[in-house]
Amino acid sequence: MDKSVSLILGSGGARGLAHIGVIRELETQGFEIKSVVGCSIGALVGGLYCAGKLDAYAEWVSNLQEWDVLKFLDISLTSRTGMMKGDLIMDSLREMVGTHRIEDLPIRFSAAATDFEDRTEVWFNSGDLFDVIRASIAIPGIFTPKQLDGRLLVDGGLLNPLPSAPAMFDKTDLSVAVSLSGYDIANPYGDVDLNNHRTELETYRERIDQFLSLAQERLGLETDKKDETQDDLRLTDVLLGTFDTMQSTIARYRLASYPPDILIEIPGNICQTHEFYRARPLIAAGHYWARQALAQHADRVSQR
């Protein structure tokens, strides 16, 4: 097919593991990805792809066990700016894939973050890859902010969860955006068979939920048992749920302003933000939803 693509990868926590499947499906169908713009988890997956290390990351994240996920939550007992430091995950990724400068990557890469003090978008197309990724994934209240280039930076999804605009100026055949804020549907995994994963997934989810509840209690943030309206919600549930709701709304406005040639939507109810132990079915779902979108837009693809 030999069509060049500008790829836009949106934010959305663990749902972003579907980005891996999307990238692989695009390559399988003969598309050449010439540039990647990413935000939050989109910056993580996109940056590793542009560095030629996506396969190593996919294998690593697909083999995460229960304790690995808990360890990488990296709970901070002292910081007042976020519950998790994120240092362990960044150190592990650096060790796995090495140090990279964005401007030296073989595929063009840009990442979005938010300047917390100036309340503005910040775009990076140079600098240390993992410093930029760490800034882009700093969900407010969850991960501590990242100090970089004299700025206090938080998650790019705060202002632009699906950063399509930069890709509009690329000289490629098609712009393809992957939104992680698709509408909830009855079967978010498409034709992926979850029977081989269900017992393992439910066990992991229960134990990680217990760990998050315990961590909240240790931080002095336990739920008020007298308030039945809270229905056992944790602070992390409220923060991540609020952030997801905000991102979903902003992403739709952004899409209206800068519509890509092809939009691949991952259903929002495919998993919760922290469920990185679902890597295998999420990657498979990325393949599925990419195939659906590409088939739907086959005429547009052939005309380019």
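Position 1 is the first residue of the sequence, and the numbers go up from there.
Under the 4.0 Å criterion applied to side-chain N and carboxylate O atoms, Asp128 and Arg134 are not assigned as salt-bridge partners.
A donor-acceptor distance shorter than 3.5 angstrom exists from the side chain of Trp289 to the backbone of Pro188, with no hydrogens or angles considered. Checking side-chain atoms of Ser62 against main-chain N and O of Ala58 turns up a donor-acceptor pair under 3.5 Å. Between the Thr114 side chain and the Asp155 main chain, a donor and an acceptor come within less than 3.5 Å of each other. Using modelled atom types, one side-chain atom of Arg252 and one backbone atom of Ser181 make a donor-acceptor pair closer than 3.5 Å.
When each of Ile89, Thr99, Leu48 is checked for a side-chain contact (heavy atoms from CB on, under 4.5 Å) with Phe130, only Leu48 meets the rule.
Residues satisfying the ring pair (Phe, Tyr, Trp, His ring centres under 6.0 Å) test with Tyr57, not counting sequence neighbours, are Trp60.
Between the CG atom in Leu54 and the CD atom in Glu27 there is a gap of 8.0 Å [rounded to 0.5 Å].
With contacts defined as side-chain heavy-atom distances shorter than 4.5 Å, the pair Val97/Leu129 does not qualify. Proximity of Leu180 to His19: side-chain heavy atoms (C-beta onward) are separated by under 4.5 Å at one or more points. For the pair Asp149/Phe124, a side-chain contact is recorded, criterion being any heavy-atom separation below 4.5 Å from C-beta on. Using a 4.5 Å heavy-atom cutoff, the side chains of Asp193 and Pro281 are not in contact.
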Fill in: CA sep, side-chain torsions, deciding dist, call: Arg15, Ile41, side-chain contact (heavy atoms from CB on, under 4.5 Å)
CA-CA 8 Å; Arg15 295 192 298 277; Ile41 184 65; over 6 Å; no
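Closest approach of Leu162 and Leu263 over heavy atoms only: CD2-CD1, 4.4 Å.
Clustering ILVMFWY residues whenever any of their side-chain heavy atoms sit less than 4.5 angstrom apart, transitively, puts Leu93 in the very cluster that holds Leu105.
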